[in-house]
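Step one of this worksheet: look at the structure below.
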Amino acid sequence: MWRRLRTNRAFQLAAGTTFASYFKLVARTTRFVIEPPDIFETIDERMPVIMTFWHGQHFLAPFAMKPHHKAKVLISRHADAEINAIAAEKLGVGTIRGSGATSRRDFHRKGAVSATYEMLDALAEGINVAMTADVPKITRKAGLGVVTIARYSGRPIIPLAMATRNRITLKSWDRASLNLPFGPGAAVVGEPVFVARDVDEAGLQAARDLLQSRLEAITARAEAIAAAGSRDV
């Protein structure tokens with residue numbers, strides 16, 4: 001039944017619109033602590049940027065932007081991701097369809113080539129791009145996709161972690177957090193990661209490792225702030 005339902009356009013539109021409305025409610029009723037507090041001024045000076053976060057922590061990412069920020073997010077071509085794409089567009093975020101790949105065969109089949117060019121074009125036009133750091137089915141392990149985009153675009157990677165104290169951790173491969181309204185939350189941004197155009201394979205791997213460590217650190221920090229609520233952490 002779900003296989004038929006997920007490809008029904010009317011259902012996709014209804015579900016995507018509902019999700020967008022729900023997460024607007026969560027964002028409006030959550031008391032967010034932003035760290036560092038001057039992050040928007042810092043990001044504005046560095047735009048366009050590559051915003052990245054873990055799978056499963058992406059639901060509130062659109063609310064990390066200011067109204068004047070233009071952005072596009074990378075979303076899988078998979079049928080299950082169509083609802084996410086509709087929700088993102090309802091929240092004012094453009095979409096690029098494609099996904100990460102764990103093999104050379106998947107690189108073409110999943111649309112990674114065309115998506116890469118679209119992201120580079122968006123950055124060249126001054127539009128921020130957002131993408132998950134970890135590839136599907138390999139949770140919380142940064143792949144080379146983000147650092148590769150940074151290498152060829154010359155733009156900085158901005159690691160982001162958002163958490164709410166009120167949440168349900170789903171039993172999915174990415175341990176997705178279903179954020180709930182009416183409680184404390186946190187948005188933590190890590191130090192940017194820069195990747196030189198002439199970097200070799202070892203340097204690219206080092207950039208990936210640096211991104212991994214920064215995402216792990218800010219995720220732990222965001223969860224600690226959210227758990228503490230208004231108390232000092």
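Please read all numbers here as calculations on a predicted model, not as lab measurements.
Contact of the Arg151 side chain with the Val199 side chain is registered, since non-hydrogen atoms from C-beta on lie closer than 4.5 Å. Residues Arg155 and Ile50 are in side-chain contact: their nearest non-hydrogen atoms beyond the backbone lie under 4.5 Å apart. Looking at heavy atoms from C-beta onward, Tyr22 lies in side-chain contact with Pro181 at the 4.5 angstrom threshold. Put simply, the side chain of Phe11 reaches to within 4.5 Å of the side chain of Ile83, judged on heavy atoms. At least one side-chain heavy atom of Ser213 sits under 4.5 Å from a side-chain heavy atom of Leu210. Looking at heavy atoms from C-beta onward, Val93 lies in side-chain contact with Met65 at the 4.5 angstrom threshold. The side-chain heavy atoms of Val189 and Ile34, taken from C-beta on, include no pair separated by under 4.5 Å. Residues Leu178 and Phe23 have side chains in contact (heavy-atom distance under 4.5 Å, counting atoms from C-beta outward).
In this structure, Arg165 and Ala227 approach most closely via the heavy-atom pair CD-O, 3.5 Å. Arg97 and Ala115 make their closest contact through O-CB, 3.9 Å (heavy atoms, listed as atom of the first residue, atom of the second, distance). Here the closest non-hydrogen pair linking Leu180 and Val26 is O-CG1, 3.9 Å. Nearest heavy atom pair, residue Thr132 against residue Thr52, reads C-OG1, 3.6 Å. Nearest heavy atoms, Ala226 versus Ala163: CB-O, 3.8 Å. Of all the heavy atoms in Gln57 and Thr219, the pair that sits closest is NE2-CG2, 3.3 Å.
The hydrophobic cluster containing Met131 also contains Leu204, counting ILVMFWY residues as joined when their side-chain heavy atoms lie under 4.5 angstrom apart, directly or transitively. In the hydrophobic cluster analysis, where Ile, Leu, Val, Met, Phe, Trp and Tyr join through side-chain heavy atoms closer than 4.5 angstrom, Phe194 is grouped apart from Met47. The hydrophobic clustering, which links ILVMFWY residues whose side-chain heavy atoms are closer than 4.5 Å, places Ile127 and Ile157 apart. Cluster membership for Met162 and Leu25, using ILVMFWY side-chain heavy atoms within less than 4.5 angstrom, is not shared. No single ILVMFWY cluster, assembled from side-chain heavy atoms under 4.5 Å apart, contains both Ile75 and Leu13.
Of the inter-residue distances, the one linking Trp54 atom CH2 with Lys141 atom NZ reads 9.0 Å to the nearest 0.5 angstrom. Note: Met119 CE to Ile149 CD1 = 4.0 Å, rounded to the nearest 0.5 Å. Within the model, atoms OG1 of Thr95 and CG of Leu74 stand 9.5 Å from one another, a figure rounded to the nearest 0.5 Å. Note that CD1 of Ile86 and CG of Leu91 are 12.0 Å apart. Values are rounded to the nearest 0.5 Å. Separation of atoms CD (Glu89) and CG (Asn84) is listed at 11.0 Å; rounding is to 0.5 Å. Atom CZ of Arg140 and atom NE2 of His55 lie 11.0 Å apart (nearest 0.5 Å).
Without hydrogens or angle criteria, Asn166 side chain to Phe182 main chain gives a donor-acceptor distance under 3.5 Å. Listed for the Arg46 side chain is no donor-acceptor partner under 3.5 Å among the backbone atoms of Ile43. Using a distance-only test at 3.5 Å, with no hydrogens or angles considered, a donor-acceptor pair links the side chain of Asn128 to the main chain of Val49.
Counting heavy-atom neighbours within 6.0 Å of Gln205 CD, excluding the residue itself, gives a total above 12.
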Carefully, step by step, assess Lys72 and Glu118 under the rule salt bridge (Lys or Arg N to Asp or Glu O under 4.0 Å). CA-CA 10 Å; Lys72 290 187 176 182; Glu118 283 190 63; 5.6 Å; no
Please report the C-alpha distance between Arg214 and Glu191 in whole Å, then the side-chain angles of each, then the deciding distance to 0.1 Å, and finally whether the salt bridge (Lys or Arg N to Asp or Glu O under 4.0 Å) criterion is met. CA-CA 7 Å; Arg214 289 188 176 170; Glu191 287 294 318; 5.7 Å; no
Please assess Thr164 against Leu60 for the test side chain to side chain contact (heavy atoms under 4.5 Å, CB included), listing each intermediate value before the final yes or no. CA-CA 10 Å; Thr164 56; Leu60 294 178; 3.9 Å; yes
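With 3.5 Å as the limit, one finds a donor-acceptor pair spanning the side chains of Arg77 and Ser114. One side chain, Gln212 or Glu216, offers a donor N or O that lies under 3.5 Å from an acceptor on the other.
Aromatic ring pairs are classed by plane angle as parallel below 30°, tilted from 30° to 60° and perpendicular above 60°; the pair Phe40 and His69 is tilted.
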